There are 2 protein chains.
Amino acid sequence: MPSIRTVAALAGVSTATVSNVLNARRSVAPDLVARVQSAVAELGYIADLGASRLRSRRSTVVGVVVPDIANPFFGTLVAALEDAARRDGYDLLVVSSGEDPALETARLRTLLTWRPAGLIVAPCDDRLAGRALVQAAGVPMVCADRVPADPAFDVVTVDNRTIAAEVGRHLVATGRRRILIAAANLAIGNNRDRCAGVRDTAEPAGATVEIIEVGVRLAESRARLTRRLTFGPVPDALFTLNNVGTVAALSALAEVRLAVPEDLALVGFDDAEWMRAVSPPLSTVHQPLEQMARAAWGRLMARIGGDTSPPHHLRLACRLDSRASSAPARRLALAHWH
Amino acid sequence: MPSIRTVAALAGVSTATVSNVLNARRSVAPDLVARVQSAVAELGYIADLGASRLRSRRSTVVGVVVPDIANPFFGTLVAALEDAARRDGYDLLVVSSGEDPALETARLRTLLTWRPAGLIVAPCDDRLAGRALVQAAGVPMVCADRVPADPAFDVVTVDNRTIAAEVGRHLVATGRRRILIAAANLAIGNNRDRCAGVRDTAEPAGATVEIIEVGVRLAESRARLTRRLTFGPVPDALFTLNNVGTVAALSALAEVRLAVPEDLALVGFDDAEWMRAVSPPLSTVHQPLEQMARAAWGRLMARIGGDTSPPHHLRLACRLDSRASSAPARRLALAHWH
DNA sequence: ATGAAAGCGCTAACAA
DNA sequence: TTGTTAGCGCTTTCAT
């Protein structure tokens, strides 16, 4: 591949001038600009950003860590981040932690190896074991979705407790009294807050709230939920705390032959297009993912730009999309779902 | 951050020795190894892979281009690629083309800027406009999922025509005669092959096959499908050629009040967990994504390793998971779905 | 087995 | 305004 020297030689200028033309840093005479540009075009020259970063000490790559890029929740988050990054001239190095804290730390170390300008991390638990590594490297980091226990970093998340309280209110208002919450993993603060929110409104209204931890994997969640529904008392409402749990719930409910919403109401945290397309359409808590991505990106850009203000802690509002899966059981036989 | 010189100074050795210890290239005396290692630990030294690549001319980053990382199909593909990459000590620079050929080319150019060891691309159409760029750069490229018209590169895809023929056979065998195919975009060879496959088996059996192009976006697909189902003759089978189309179909069918499978059978290309969890479970063509990722990665590693054999063209077999959404209409009133 | 020195491609001082 | 030179952090000769 041609280097900046090849271009300089062909254009009959110095490498500094080529650099200045390409980066528009210093003003260059119009005829030299033209000569450089045609040399670039003729050679198909593409600058080496690695070398550029090395010398200029300005990095244009940002590392992103998510628990699982195959999960559409994180896929959508990453897509929105990429959009923001592209606008600002950054590229994204994306890694998955597989919901494993040890792997998360290892992946963070790998990312630091590329000298990113910053990091955006959706931690796999509240501990965020790799935090020390990042702090030692002095690389700005913004946490998204999940909140590390001691947020010494900027954090962008949602108002879990408030929206879960609304779910509790909704379930009670539609006549449900025995609420089962399927939480993936209570080591995640989000999930504890969501449970607390439901309790806030459901218990004072006389409903019972039971919580089971079903794990982060689909197969395991389905199995635990099936077991619980087979052997325990049957609830009249089920609230799943993430999209994997919602799929697990649908499978488990079909397996034990419980009808939604006749036998029990189903509400899921995390929204997806298919959830409103199926019958019955599923009631969901919609998280503002694009907004979360933009906010996280904005904070990171601010930090990269030298902002040293105390950590920002942003909580975005969710929206409860109440659909047929949590309609009152008694009215349902007659109602149309669409 | 400490550099290799900081480590060398602390360990009392030369930078060459530090490099040799860290990369295990030349043999180093045990005591020096120990001193280097403790210096590394003490300083929290993390090597700069950009500088390393610059000097050694060995890149450990691979660029990945997908139409949309938020689409679980590509999310899963990328997750599988990341897994393979990590095992081989590579990192992934992932970009989305947004199903836009111009953006695809721009993103490819951006990737080349990082001097990747190779590229894995799921093109957004058969033209793959950026191919010239990649060839000029001399960077090995493997295409996955979609096949460029003139495959001068290694390609890993699925046997679309064969599995679509099986879908046609299945629909005919279960009593369907008026098949509607909802193709996203016929500029994608995959979709043309899938249509041809259905025709291969359905038309000789006396069924009619109609094809409509619904576009790659959900809202548009839903609208076009609704319009077609409202104003055209009602088919008794619908085959959607990707996961977005399947969601669009569910919405459209609910909107026009057609019941699956009583009024028509529904079969979707692309599988997802939720498709087997909903009622009725959806019949789907399952693509071997993990296998596709492993094969693409394997080809890329071979090319990076110097393999100059003629382009490989791999077609993997899909599996039709026939579920209740394409059960024979007449038997259905009595059948259990699960 | 180890170190000194050169140089990967680029940009930032500094000189002219 | 332009060119010359040094050097970012690393690896690789080449010498010892």
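Being a predicted model, the structure only gives us computed values, none of them experimental. Residue numbers start from 1 in every chain, and the chains themselves are labelled A, B, ... in the order their sequence lines are given, proteins ahead of strands.
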Phosphate-side-chain proximity, A/Arg5 and C/dC8, N/O vs OP1/OP2 below 4.0 Å:
yes
Run the side-chain hydrogen bond (donor to acceptor under 3.5 Å, both in side chains) test against A/Asp48 and tell me which residues pass, sequence neighbours left out.
B/Arg53
Filtered N/O pairs between nucleotides 13-16 of chain C and protein, under 3.5 Å:
unit_1 : atom_1 : unit_2  : atom_2 : d
C/dC14 : N4     : A/Arg26 : NH1    : 3.0

B/Asp100: what forms a side-chain hydrogen bond (donor to acceptor under 3.5 Å, both in side chains) with it, not counting sequence neighbours?
none
Residue whose nearest DNA chain C nucleotide is more 5′ - B/Ala29 or A/Ser52:
B/Ala29
Residue list, side chain to side chain contact (heavy atoms under 4.5 Å, CB included) with A/Arg127, at least two apart or on another chain
A/Asp125
Nucleotides bounding contact with chain A, strand DNA chain D, heavy-atom threshold 4.0 Å
D/dT1 to D/dG9
Nearest whole angstrom, please: distance from the P of C/dC10 to the CZ of B/Arg53.
9 Å
Atom pair distance, as rounded to whole Å: CG in B/Leu49 and C1' in C/dC8
15 Å
Determine the contact category for B/Asn23: base if any of its heavy atoms lies under 4.0 Å from a base atom, sugar-phosphate if only primed atoms, P, OP1 or OP2 are that close, otherwise nothing.
sugar-phosphate
Please report the distance, rounded to the nearest Å, between CZ in B/Arg25 and P in C/dT2.
17 Å
Using the side-chain contact (heavy atoms from CB on, under 4.5 Å) rule, take B/Val36 and B/Val13 through it: C-alpha gap first, then chi angles, then the decisive distance, then the call.
CA-CA 8 Å; B/Val36 168; B/Val13 298; 3.9 Å; yes
Looking only at side-chain N and O atoms, does A/Ser56 come under 4.0 Å of OP1 or OP2 in C/dT11?
no
A/Arg58 side chain N/O closer than 4.0 Å to the phosphate oxygens (OP1, OP2) of C/dC10?
no
CG of B/Asn20 versus C1' of C/dA1: gap in Å, rounded?
10 Å
Is the distance from OP1 or OP2 of C/dC10 to the nearest side-chain N or O of A/Ser19 less than 4.0 Å?
no
Looking at residues at least two apart in the chain, or sitting in another chain, which of them share a side chain to side chain contact (heavy atoms under 4.5 Å, CB included) with B/Arg57?
none
Enumerate the ring-ring contact (aromatic ring centres under 6.0 Å, His included) contacts for residues 58-111 of chain A, please, sequence neighbours excluded, ordered by first and then second residue.
A/Tyr90-A/Trp297
For B/Arg57 and C/dG7, give me the distance from atom CZ to atom P, rounded to whole Å.
13 Å
Do the side chain of A/Arg25 and the main chain of A/Asn20 share a donor and acceptor less than 3.5 angstrom apart?
no
For A/Asp83, salt bridge (Lys or Arg N to Asp or Glu O under 4.0 Å) partners two or more places apart
A/Arg86, A/Arg87
Given that A/Ala47 and B/Val28 both sit by DNA chain C, which one's nearest nucleotide is further toward the 5' end?
B/Val28
With side-chain contact (heavy atoms from CB on, under 4.5 Å) as the test, would you mind laying out the steps for B/Val65 and B/Leu119 before giving the verdict?
CA-CA 8 Å; B/Val65 185; B/Leu119 295 170; 5.5 Å; no
Output the rounded distance in Å from CG (A/Asp48) to P (C/dC10).
5 Å
What pairs with B/Asn243 under side-chain hydrogen bond (donor to acceptor under 3.5 Å, both in side chains), at least two apart in sequence or on another chain?
B/Asn71
Angle by which the axis turns from one end of the helix from C/dA1-D/dT16 to C/dA16-D/dT1 to the other, five pairs per end, to 10 degrees:
40°
Got a sec, which residues hit side-chain hydrogen bond (donor to acceptor under 3.5 Å, both in side chains) with B/Ser309, two or more places apart in sequence or on another chain?
B/Asp307, B/His312
Partners passing salt bridge (Lys or Arg N to Asp or Glu O under 4.0 Å) against A/Arg146 (at least two apart in sequence or in another chain)
A/Glu99
If only side-chain N and O atoms of B/Arg115 are considered, is one of them under 4.0 Å from the OP1 or OP2 phosphate oxygen of C/dC8?
no
